[in-house]
Amino acid sequence: MPYRAPVAELRFVLDHVVGFDRVAATEMFAEATPETVDAILSEAGRMSEEVLAPLQRPGDLHPAHLENGVVRTSPGFAEGFRAVADGGWLGMSADPEFGGMGLPITLTMAVNEMMGSACLSLQLNPLMTQGQIEALEAHASDEMKALYIPKLISGEWCGTMNLTEPQAGSDVGALRTKAVPNGDGSYAITGQKIYISWGDNDFSANVCHLVLARLPDGAEGTRGISLFMVPKRIPDADGNPGAANDLRVVSLEHKMGLHGSPTAVMQYDGAQGWLVGEPHKGMAAMFTMMNNARLGVGVQGLSVAEAAMQHAIGYALERRQGRTHEGDGTILDHADVRRTVLSMKADTFAARAIAFDCAVSLDMAKATGDAAWRARGAFLTPIAKAFGTDTGIKVAGDGIQVHGGMGFIEETGAAQYLRDVRVTAIYEGTNGIQAMDLVGRKLADGGAAAFALLDEVSAFDHSDLRGAADDLRALTEWMVAQEMQDRFAGAVSYLNAFARVLGALHHLRAAEADGDRAPLARFAVNRMLPEARAEMAKARTGAEELFAVSNGVIAA
């Protein structure tokens, strides 16, 4: 079944569920009129269906590979990337001063969703570039902005971020990459980075690497890390790619999925780089890019959920097997298959609404400077990332189940969705780290942001939803009072409970706006909202029982 861009669904969520009209009403985003939104969604949907979706299987079957030190990308990817760049989709939210459109991040996420559903391996490239643009806008010098951002927006150059090293994964502060002043304002960067998405390609004139490294006087840990721009080719006096820099792709990882996306081991041997932002403040600068990417990765999970769901429903509407309650119908008339498909549909909707609710908050924070919007967006980010990617994995797995034995056969394409999406729960901070961030940093305000969200939930006139919100409020108060290790022990359950409550709220808002959506909302409230209370019970158990089981027993 070919991918169909859910343009009408996206527009419904923006208009009737997450209140995008508030964004469009701000002075900063006044150009995001209904007509503009319609044009963007329609054109991006067309490109995703016609240009990117045909690359999904070729990218899986003909992976990117390293040939004599040159990365060769999958068939058609160069043309697909050029269509993305020529459409202006790389710089949708970038500053118009540098050639961007200056549009809300919410619209960028809507376009990214469709591109990710069509071909996630290729969409990873624009996501990295978009994040780099945002980091440079916030932290780079005026000269660096003028040199790099226009070329990143146009797609002439591509961007990456380099954090991870063999001994420094989630513990970024353990990195060993060094930066030594060259005496001319540049630095010699030496070290190895791993898991670098789109570390190189054969279709852009330059690849711009944002690299975390430590200056000679940098303290140990994250406080001593600086951020550097290290291009594949050093720009000449005219800003064109010049001499090759002292960096190379050592190898490409052989991965479970996302075969069309080259994931590189990068070696820097005294490569010339330039400081981005202040010395020893690299983590703050990199987090600008990472926070963009965390919401973006949540949307990637949603992307795969949508595509896998469409694939499974298409199969279920054609496959005939056994007798159903309507006689000789398709397998969609079997109660359990129908339950599975409705679960896929309900969770995909919830993940989309939570992600776009988060994006609206970030846009409102940018447009108004309001601290409450900023706190709301920050609180929703780890939920959007974790729930979105968990949903992608679950829906892709359910899609295989709907296909039955054929789901286990690669030719149907159902398995690729699960292989591709599985890593999204790992990169840009594992989902466990997202949950720990939620109960740690995001509750450092004493629960104020959480309580504000729960006030919104409680304002909706639905007894089950209000009851769940009251229980979640009590759990939040309990969390705030606990030692951090006890919070961490229940962090994932706390996040899941919040996601279930917010998902139910969004379903009920949708049903209020369109009565035809009421049956799906009832399904979500009756079958999924009860999971919130089970998660809340698990969240309260604390860390003691985890460490009561010895390592010896675990390993036995």
Taking the six-membered ring for Trp, are H507 and F349 ring centroids under 6.0 Å apart?
->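 Yes.
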Under 6.0 Å between ring centres, would you say that holds for Y427 and Y195?
->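 Ring centres of Y195 and Y427 not closer than 6.0 Å.
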Does the side chain of [X] reach to within under 4.5 Å of the side chain of [Y], using non-hydrogen atoms?
X	Y	answer
L380	L502	yes
V7	M114	yes
V37	F20	yes
K193	L163	no
L120	Y417	no
D200	P262	no
L443	M479	yes
I40	M92	yes

Which distance, rounded to the nearest 0.5 Å, do you find between the [atom1] of [X] and the [atom2] of [Y]?
X	Y	atom1	atom2	result
T424	N431	OG1	CG	7.0 Å
L275	H280	CG	NE2	9.0 Å
W157	K232	CH2	NZ	12.5 Å
L362	F356	CG	CZ	12.5 Å
W198	L127	CH2	CG	13.0 Å
S361	R22	OG	CZ	7.5 Å

Can you see which heavy atom on [X] is nearest to which on [Y], and at what distance?
X	Y	value
L295	A355	CD1-O, 3.7 Å
Y3	E49	O-CG, 3.6 Å
A518	A511	CA-CB, 3.7 Å
A504	V525	CB-CG2, 4.4 Å
L90	S154	CD1-C, 4.4 Å
R82	E156	NH2-N, 4.4 Å

Within the distance-only criterion (no hydrogens, no angle test), does the side chain of [X] pair as donor or acceptor with the backbone N or O of [Y] below 3.5 angstrom?
X	Y	result
Q132	T160	yes
Q310	R4	yes
D238	N240	no
K145	E137	yes
T476	L472	yes
R466	S458	yes

Yes or no on side-chain contact (heavy atoms from CB on, under 4.5 Å) for V18 and T106, after CA distance, side-chain angles and deciding distance?
-> CA-CA 10 Å; V18 300; T106 305; 5.6 Å; no
Could you walk me through whether Y494 and R487 pass the side-chain contact (heavy atoms from CB on, under 4.5 Å) check?
-> CA-CA 9 Å; Y494 179 79; R487 294 193 202 184; over 6 Å; no
Sequence neighbours excluded, which residues qualify as side chain to side chain contact (heavy atoms under 4.5 Å, CB included) partners of Q272?
->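 Scan of Q272 (side chain to side chain contact (heavy atoms under 4.5 Å, CB included), adjacent residues dropped) gives N182, D184, S186, I234, N245, W274.
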For K442, salt bridge (charged side-chain N to carboxylate O under 4.0 Å, His left out) partners two or more places apart =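 Here the qualifying residues are D437.
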Inspect the contact between [Y] and [X] and indicate whether a charged nitrogen and a carboxylate oxygen are less than 4.0 angstrom apart.
X	Y	result
E43	R46	yes
E113	R352	yes
E9	R517	yes
R522	D464	no

Verify the distance criterion only: is there a donor paired with an acceptor across the side chains of E134 and Q130 at less than 3.5 Å?
->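 Not at all, the side chains of E134 and Q130 share no donor-acceptor pair under 3.5 Å.
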Show your working on side-chain contact (heavy atoms from CB on, under 4.5 Å) between T389 and R294 and close with a plain yes or no.
-> CA-CA 10 Å; T389 55; R294 283 174 173 173; over 6 Å; no
What do you reckon, is CD of E278 surrounded by more than 12 foreign heavy atoms closer than 6.0 Å?
->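 Incorrect, the count does not exceed 12.
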For the residue pair F12 and H16, categorise the inter-ring angle as parallel (less than 30°), tilted (30 to 60°) or perpendicular (more than 60°).
->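 Ring orientation of F12 relative to H16: tilted.
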Can you list every pair that meets ring-ring contact (aromatic ring centres under 6.0 Å, His included) and has a residue in residues 78-125, with sequence neighbours left out?
->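 The answer is F81-F203.
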Just do the side-chain contact (heavy atoms from CB on, under 4.5 Å) check on L103 and T108 with the steps written out, would you?
-> CA-CA 8 Å; L103 290 168; T108 296; 5.7 Å; no
Applying the salt bridge (Lys or Arg N to Asp or Glu O under 4.0 Å) test to R376, which of D357, D445, D363, D370 qualifies?
->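 Of the listed options, the one satisfying the test is D357.
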